[in-house]
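For reference, the structure discussed in these notes is given below.
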Amino acid sequence: MTLSLYNTLSRAKEKFVPADPGRVTMYVCGPTVYSYAHIGNARPAVVFDVLVRLLRHQWPNVVFARNITDIDDKINAAAADQGVPIGTITEKFEKIYLDDMEALGVLPPDIDPHATDHIPEMIAMMEKLIADGHAYAAEGHVLFNVPSYAEYGQLSRRDRDEMIAGARVEVAPYKKDPSDFVLWKPSTPDLPGWDSPWGVGRPGWHLECSSMIEKHLGRSIDIHGGGVDLVFPHHENEIAQSTCAHGGDTFVKYWLHNGFVNVDQEKMSKSIGNVLLVHDLLKDAPGEAIRLALLNAHYRQPLDWTDDGLAQAKRMLDRLYGALRGLADLDPAGDTAPDPEFLAALNDDLNTPKALAALFDLSRQANSATDPEEKSRLKGVLLASSNLMGILQQDTEAWFAGGDIDQDGLSADQIDDLIEARNTARAEKNFAEADHIRDELAGQGITLEDGADGTKWRRG
RNA sequence: GGCCCGGUGGGAGAGAGGCUAUCCAGCGGAUUGCAAAUCCGUGUACACCAGUUCGAAUCUGGUCCGGGCCUCCA
């Protein structure tokens, strides 16, 4: 089965053929750790987590790096604000980011390079670029000279004249060309800085990714991912830097970009006050539901985040876990592969909505099946498939008990006691009492399900 | 202004020249002590206007509407 991916570079779906099948390399732009991650930050993390799972299923050795940007003007501002070193800010929010992503079922990357650990590599790359005439130093800055790279603009499909014409920022006087961008900038004593051949300074935004990719993954990698907004200028600039530093070698074979998350039809912004933090969403919804809400739309489509969408994702999981609940007493058949239709959907440019439909089809089959062997097989297929999407891996009873959300209602023991009392009443045909207990539980948000093998319950 | 995406049934959301997407919600039925869950069935879809075609929601052209990027941004 072949994987095809939509490559932003060609604006077309392409068959994925890694340069080295023995070592598939992928890099995703990670967070700038200066505050809590919002739901828009979570989308690439979740989407590319699915891609990594899929790649691992089909290739023996996948090396996945996701960086942590821990030097940046917003970080500096936050640190100055609170009167603490930047490390205080970045360590705190990196930890929070990782915890939040874990709650969304995002597996940790193989490598998580930090910008501040790669200053020497960045300096080396700048020296190389300067030596080859692609960059120059001016007034404590190092700038990349865009006209030195004829292919500039290929990813975002814009030409230089347009960019200059549309430039919204005034051009710094030390720039040789208006489109030149900063690789390194000088630091004042109140700002974090590192010694360099051009004085004490700090890196510009784009260089870190180029340096870290070169160091950890190689001069040329298979996949580079991130949000669409990074196409220009960030990824365009990465291409320019890396290609020029590497004598024209292909930097990235497949460029992947996820669509934006809007909130109630509007772009998230601090001024509107509609920024939804993953940290806050996790207080009210299971991480798995948030994850599924993100995967319920195709990754390249814009996603409108709503409370209703999240509620729907939870209901979907109820249905899926409900099917697994019906298979609880069976072991999944061993040696199970994911469902072919499910896999085909994911292999078609990560069509998670279609893959989900295959999962529902399996659930329906499982709900109808009577043969234990068939049920066992379906359980195996269901679990193997959903694992590629990073869902349905927790204990079904834990899911129906409310998952990882803090509960302030009845405890599981209390519920079980009430169910036992109700079943005693039912055995005595005292249905008035039985219904009374059920109503009482319903008042606490507990729904009961009487089945052949006893009474089960769920919250919400 | 330049470049690039979209407009699918009550909601979400795939697909794609002729064949049930799927899920949520609704309705009818089966099942149930009553429920819940489940199963079966079911309704008004493809922005608009032309064109290509035996046949278009799917292709082409145009129109309208919405969104994104254009050096802060996932």
Taking atom C1' in both B:A14 and B:U8, compute the distance separating them and give it to the nearest angstrom. 10 Å

Just the rounded figure in Å: distance from P of B:A74 to CD1 of A:I68. 12 Å

Given the rule in the salt bridge (Lys or Arg N to Asp or Glu O under 4.0 Å) test, do A:R438 and A:D435 qualify, once you have shown the distances and angles that lead to the verdict? CA-CA 5 Å; A:R438 185 173 55 207; A:D435 289 349; 3.6 Å; yes

Value in whole Å for how far the C1' atom of B:U38 lies from CG of A:L448: 17 Å

Please name the residue in the list A:W184, A:Y149, A:F181 that meets the ring pair (Phe, Tyr, Trp, His ring centres under 6.0 Å) test with A:F144. A:F181

d(CG, A:L317; P, B:A37) in whole Å: 16 Å

Whole-Å gap separating P (B:C70) and NZ (A:K267): 7 Å

Report the base-pairing partner of B:G6 (Watson-Crick or G-U wobble, both distances below 3.5 angstrom), or none. B:C65

5'-most contact on RNA chain B (nearest-nucleotide basis), A:T306 vs A:R300, goes to A:R300

In whole Å, measure the gap between the P atoms of B:G1 and B:C72 for me. 23 Å

Hey, what are the protein-to-nucleotides 42-47 of chain B N/O distances that come in under 3.5 Å?
none

Taking only side-chain nitrogens and oxygens of A:R458, does any of them come within less than 4.0 Å of OP1 or OP2 of B:A37? yes

Rounded distance (nearest 0.5 Å) linking atom NZ of A:K314 with atom CG of A:L292: 12.0 Å

Produce the list of close N/O pairs, under 3.5 Å, pairing protein atoms with atoms of nucleotides 31-34 of chain B; give distances to one decimal.
residue : atom : partner : partner atom : Å
B:G33   : O6   : A:R422  : NH2          : 3.4
B:G33   : O6   : A:R426  : NE           : 3.4
B:G33   : N1   : A:D435  : OD1          : 3.0
B:G33   : N2   : A:D435  : OD1          : 3.2
B:G33   : N2   : A:D435  : OD2          : 2.5
B:C34   : O2   : A:R438  : NH1          : 3.3
B:C34   : O2   : A:R438  : NH2          : 2.1
B:C34   : N3   : A:R438  : NH1          : 2.9
B:C34   : N3   : A:R438  : NH2          : 3.3
B:C34   : N4   : A:D450  : OD2          : 3.0

Flag this pair as yes if the NZ/CZ of A:K176 is under 6.0 angstrom from the six-membered ring centre of A:Y136 and inside a 45 degree cone about the axis; otherwise no. yes

Between A:D439 and A:H436, does any side-chain donor sit less than 3.5 Å from a side-chain acceptor? no

Taking only side-chain N and O atoms of A:N296, does any of them lie within less than 4.0 angstrom of OP1 or OP2 on B:A12? no

Polar atom pairs (N or O), protein with nucleotides 20-27 of chain B, under 3.5 Å:
residue : atom : partner : partner atom : Å
B:A25   : OP1  : A:R315  : NH1          : 2.9
B:A25   : OP1  : A:R315  : NH2          : 3.2

Report yes or no: do A:N67 and A:Y27 form a side-chain donor-acceptor pair below 3.5 Å? yes

From OG1 (A:T352) to CG (A:L346), nearest 0.5 Å: 7.5 Å

Atom CZ of A:R43 and atom C1' of B:G68 are separated, to the nearest Å, by 12 Å

A:N262 side chain N/O closer than 4.0 Å to the phosphate oxygens (OP1, OP2) of B:G67? no

With rounding to the closest Å, how many angstrom separate the C1' atoms on B:C69 and B:G13? 25 Å

Determine the interplanar angle of the A:H257 and A:W255 rings, folded into 0 to 90°, and report it as parallel if under 30°, tilted if 30 to 60°, perpendicular if over 60°. parallel

Rounding to an integer number of angstrom, what distance separates B:U52 and B:G17 when you compare their C1' atoms? 11 Å

How long is the line joining CG of A:L292 and C1' of B:G13, in whole Å? 12 Å

Among B:A14, B:A74, B:C73, which is the nearest nucleotide to the side chain of A:W205? B:C73

Taking only the C1' atom of each, what is the distance from B:G11 to B:A45 in whole angstrom? 13 Å

Does OP1 or OP2 of B:A37 have a side-chain N or O of A:W457 closer than 4.0 Å? no

Just how far is it from atom CG of A:L98 to atom CD of A:E102, taken to the nearest 0.5 Å? 8.5 Å

Counterpart base for B:U20, defined by Watson-Crick or G-U wobble contacts under 3.5 Å: none

Sticking with atom C1', work out how far B:G15 lies from B:G33, rounded to a whole angstrom. 45 Å

If we only count heavy atoms from C-beta on, is the A:L410 to A:L418 side-chain gap below 4.5 Å? yes

Nearest-angstrom distance, C1' atom, B:C54 to B:G2: 43 Å

With a 4.0 Å cut-off on heavy atoms, is A:H234 in touch with a base, just the backbone sugar-phosphate, or nothing at all? nothing

Counting only N and O atoms by type, is there a donor-acceptor contact under 3.5 Å from the side chain of A:E288 to the main-chain atoms of A:G105? no

Would you say the side chains of A:T306 and A:D308 form a donor-acceptor pair under 3.5 Å? no

Per A:K74 side chain, nearest of listed nucleotides B:C72, B:A36, B:A74: B:C72

Judged by nearest nucleotide, the residue sitting upstream toward the 5' end of RNA chain B, A:D304 or A:G40, is A:D304

Does some side-chain heavy atom of A:V252 sit less than 4.5 Å from a side-chain heavy atom of A:I239? no

When rounded to the nearest 0.5 angstrom, what distance separates CE in A:M125 from NE2 in A:H134? 12.0 Å

B:G18 and B:A36, which share atom name C1', separated by this distance in whole Å: 42 Å

Calculate the interatomic distance between A:L294 atom CG and B:A12 atom P; express it in whole Å. 17 Å

Using whole Å, report how far CG of A:D307 lies from C1' of B:A12. 14 Å

